[in-house]
Amino acid sequence: MEDLSTLDVLTFLVWLVASVTFIFALKFLASPKTARTGNLLGAAGMALVVAWTFFTTEGMLENWWIVAVGGAIGAVAGWLGAKRVAMTAMPQMVAIFNGAGGGAAALVAVVEFLRDQELHPGELLPLPFIIATLLGAIIGSVSLTGSIVAWGKLQGVIAARPVRYPGSQWVTALLFLVLIGLGVYVAVIEPSTPLFLLFVVLALVLGVQLTMPIGGADMPVVISLLNAYTGIAVAATGFVLSNYALLIAGTLVGASGTILTQLMCKAMNRSLFNVLFAGFGTGGEAAAAGEGEESLKEINAEDAAVLMAYGKRVIIVPGYGMAVAQAQGPVRELMDLLVARGVDVQFAIHPVAGRMPGHMNVLLAEANVPYDRLQEMDEINDDFADTDVALVIGANDVVNPLAREPGSPISGMPILNVDQAKNIIVLKRGRGTGFAGIPNPLFSNEKTRMLFGNAKETVEALVQGVKQA
Amino acid sequence: MELSAFELLSALFILVLAAFVGYEVVSKVPTMLHTPLMSGANAVHGVIVVGAMLVAATADSPIAILLSLIAVILGTINVVGGFTVTDRMLEMFKGRGGGRG
């Protein structure tokens with residue numbers, strides 16, 4: 001066993017410390033009490049390994065400015081983005097940060113490949129290295145462009161509906177085959193730089209090709225999956241650079257991200273395969289128009305307020321519409337007024353309400369709604385039958401009774417039993433269908449009254465109504 | 001960068017064991033923490049910025065300098081943005097435990 005220099009030994013120990021902080025960060029993040037500490041711990045570990053790398057890496061004396069300039073630009077951009085983003089746009093922001101990581105991993109792989117070819121032109125790399133380089137390049141690239149598409153779909157820049165064209169699957173299959181062919185050629189026949197770069201470009205196209213056919217409602221799952229991909233890409237580049245901090249952190253995220261993705265799919269009672277390839281919402285659109293359109297019964301805010309003010313129990317079901325309208329503040333006010341009148345007010349949180357699991361919890365916490373009023377689906381589903389008013393604020397698919405019947409795209413997804421409440425008031429922006437693009441018989445239920453408009457305005461009108469009731 | 005067979009195998013062991021740790025730590029998470037956890041994990045893979053720094057240190061051609069500069073920028077966005085946005089999400093959970101924040 002050859003000896004390592006003291007500096008090398010210390011470097012390994014720094015990697016070890018950083019890896020342990022990352023493990024604890026993830027572990028702490030899994031519990032509400034310790035989550036914030038966990039995040040700070042991870043940041044501290046990150047700061048340590050970044051600083052150590054900066055001050056001890058050979059060649060940094062000459063090229064320090066690249067890191068200083070790049071670090072300054074990236075830090076300002078990341079910080080501003082994270083600080084300024086509205087809570088409703090959080091999922092998109094995570095997608096962008098994830099895409100940045102994927103892009104960085106792909107670039108590191110590219111630069112490493114170019115450097116190897118400069119040092120040993122035309123020479124094949126050892127197989128484990130070239131495989132890891134190719135993996136880092138392809139997965140990082142897919143994560144980059146896939147995340148951009150996910151961002152676009154959530155931001156409304158790209159159509160949220162699944163975008164498909166005839167033969168789309170064949171194009172994907174062909175892309176895969178060409179990528180495998182190019183990879184094998186570069187790895188074992190000739191390490192051609194143009195072909196390697198073509199490989200990267202096609203990988204970027206693949207990222208778009210894989211995400212475009214997936215509907216906007218499924219983007220959280222896609223972001224979580226791409227997050228795991230970036231982890232794997234980082235692990236691959238860690239292998240190329242023989243850097244254990246990258247190897248361990250990347251693998252941790254790759255594994256935990258995969259599990260998290262599965263947990264999210266499970267919350268929707270769908271398989272990952274179904275999410276990725278079924279094109280949610282492509283089938284039902286034709287049926288959506290016309291059905292129940294005229295049988296919707298409307299209610300005005302005053303009547304709705306009276307109904308709640310004189311009820312014994314009200315369950316509020318928040319959805320993405322509440323997030324978009326930033327209605328959480330007025331919702332809290334409404335809750336306070338009702339509670340002051342002795343009404344039992346609970347919130348029913350569907351696991352995938354909003355566009356990310358936990359999205360509603362974050363928003364309601366922001367508005368200071370006490371946690372003991374937020375009930376998970378399983379805890380509250382039996383209580384609807386005994387509820388005077390279920391107030392649905394901008395939720396649609398998660399309360400759609402069609403999910404209980406076979407043959408619809410959301411069949412089998414667990415839903416909130418809103419339809420069992422004695423009265424149902426639905427606040428909705430317009431008459432369109434939900435994210436999944438399918439009709440919702442709940443809205444034409446005879447117990448249901450619709451209150452159309454921007455959720456913030458309608459909730460404020462309800463607040464006024466309750467004050468006067 | 002030539003690794004011996006022993007080092008190669010060590011890397012493989014690390015990879016497999018880290019994958020199990022990653023699996024174990026998150027396999028029981030309340031739904032409301034899914035988003036912050038995803039965001040936190042997202043920040044952790046920002047460690048790629050270290051890889052970007054390493055290739056930046058050896059960059060000697062204009063193209064390598066340009067690409068590694070972009071890699072450092074993207075990696076830093078991932079780290080700084082990731083941890084900051086996670087902290088912002090978690091800040092809102094502080095009222096937990098009955099208190100009204």
Side-chain angles (χ1 to χ4, degrees), chain A residues 22 26-27 29-30 32 35-36 39 42-43 46 49 53 57 59-60 63 66-67 70-71 73-75 77-79 81-82 93-94 97-98 100-101 103-105 107-108 111 224 227 230-231 234 237 241 246 248-249 251-253 255-257 259-260 351 356-358 361-362 365-366 368 371, chain B residues 3 8 11 14-15 18-19 21-23 25-27 29 31-42 44-48 50-59 64 67-87 89-90 92-93 96 100-101:
Chain A
F22 296 156
L26 292 179
K27 184 155 183 57
L29 274 165
R36 210 168 172 202
N39 188 52
M46 190 69 72
V49 69
T53 308
T57 304
M60 205 58 96
N63 281 356
I66 302 179
V67 174
I73 296 174
W79 195 80
M93 206 68 228
V94 174
F97 294 150
N98 178 58
L107 279 172
V108 170
V111 177
S224 175
N227 185 36
T230 306
V234 170
T237 48
L241 298 166
L246 264 67
I248 294 173
T251 311
L252 277 175
V253 178
S256 59
I259 303 304
L260 201 52
M356 289 225 150
N361 305 66
V362 171
E366 185 189 20
N368 289 326
Y371 266 92
Chain B
L3 278 190
L8 212 64
I14 290 173
L15 187 91
V21 173
Y23 178 89
V25 261
V26 299
S27 46
V29 187
T31 322
M32 67 166 184
L33 281 174
H34 279 181
T35 302
L37 181 63
M38 184 210 296
S39 182
N42 178 39
V44 166
H45 70 49
V47 73
I48 187 63
V50 167
M53 289 165 74
L54 292 174
V55 294
T58 54
L67 292 181
S68 57
L69 176 67
I70 299 174
V72 172
I73 293 175
L74 292 179
T76 316
I77 288 178
N78 189 177
V79 170
V80 176
F83 281 115
T84 314
V85 89
T86 311
D87 192 60
M89 287 181 201
L90 294 171
M92 295 174 179
F93 285 77
R96 192 175 173 77
R100 271 281 184 101

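Predicted model, so just to flag it, every value in this text is computed and none were measured. Within every chain, numbering begins at 1; the chains are lettered A, B, ... in the order of the sequence lines, protein sequences first and strands thereafter. All values below were derived from every heavy atom in this structure, side-chain atoms included, with hydrogens, water molecules and symmetry-related copies excluded.
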Using non-hydrogen atoms and a 4.5 Å limit, figure out which bit of Val79(B) sits close to chain A: side chain, backbone, both or neither.
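Answer is side chain: those atoms of Val79(B) sit under 4.5 Å from chain A.
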
Checking heavy atoms, do the side chain of Ile14(B), its backbone, both or neither come under 4.5 Å from chain A?
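Just the side chain, heavy atoms under 4.5 Å.
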
For [X], is it the side chain, the backbone, both or neither that has a heavy atom under 4.5 Å from a heavy atom of chain B?
X	result
Thr57(A)	side chain
Val111(A)	side chain
Ile66(A)	both

Taking the side chain as everything from C-beta on, heavy atoms only, tell me whether [X] gets closer than 4.5 Å to [Y].
X	Y	answer
Leu90(B)	Leu29(A)	yes
Thr76(B)	Ile73(A)	no
Leu37(B)	Val26(B)	yes
Met46(A)	Val50(B)	no

Looking at [options], which has the largest count of heavy-atom pairs under 4.5 Å with chain A?
options	answer
Gly51(B), Ala64(B), Gly40(B)	Gly51(B)
Ile48(B), Val72(B), Val80(B)	Ile48(B)
Ala19(B), Ala52(B), Gly75(B), Ser39(B)	Ala19(B)
Asp87(B), Leu54(B), Val21(B)	Asp87(B)
Ile77(B), Val25(B), Thr84(B)	Ile77(B)

Using every non-hydrogen atom in the two residues, find where Met60(A) and Met53(B) come nearest and quote the distance to one decimal.
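Closest approach of Met60(A) to Met53(B): CE-O, 3.7 Å.
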
Looking at [options], which makes the most heavy-atom pairs under 4.5 Å with chain B?
options	value
Asn98(A), Val49(A), Leu26(A)	Asn98(A)
Gly59(A), Ala255(A), Ala43(A), Ala249(A)	Ala43(A)
Gly257(A), Gly81(A), Ala77(A), Ala105(A)	Ala105(A)
Ile248(A), Thr237(A), Thr251(A)	Thr251(A)

Under 3.5 Å donor-acceptor, Asn42(B) side chain and Asn78(B) backbone
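Not at all, since once roles are kept as given, no pair shorter than 3.5 Å links the two residues.
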
Got a donor-acceptor contact below 3.5 angstrom from the Asn39(A) side chain to the Phe83(B) backbone?
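Yes; at least one donor-acceptor contact below 3.5 Å.
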
For Ser224(A), give me all partners under side-chain hydrogen bond (donor to acceptor under 3.5 Å, both in side chains), at least two apart in sequence or on another chain.
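Residues passing side-chain hydrogen bond (donor to acceptor under 3.5 Å, both in side chains) with Ser224(A): Thr261(A).
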
Can you list the steps and then say if Leu74(B) with Leu107(A) is a side-chain contact (heavy atoms from CB on, under 4.5 Å)?
CA-CA 10 Å; Leu74(B) 292 179; Leu107(A) 279 172; 4.1 Å; yes

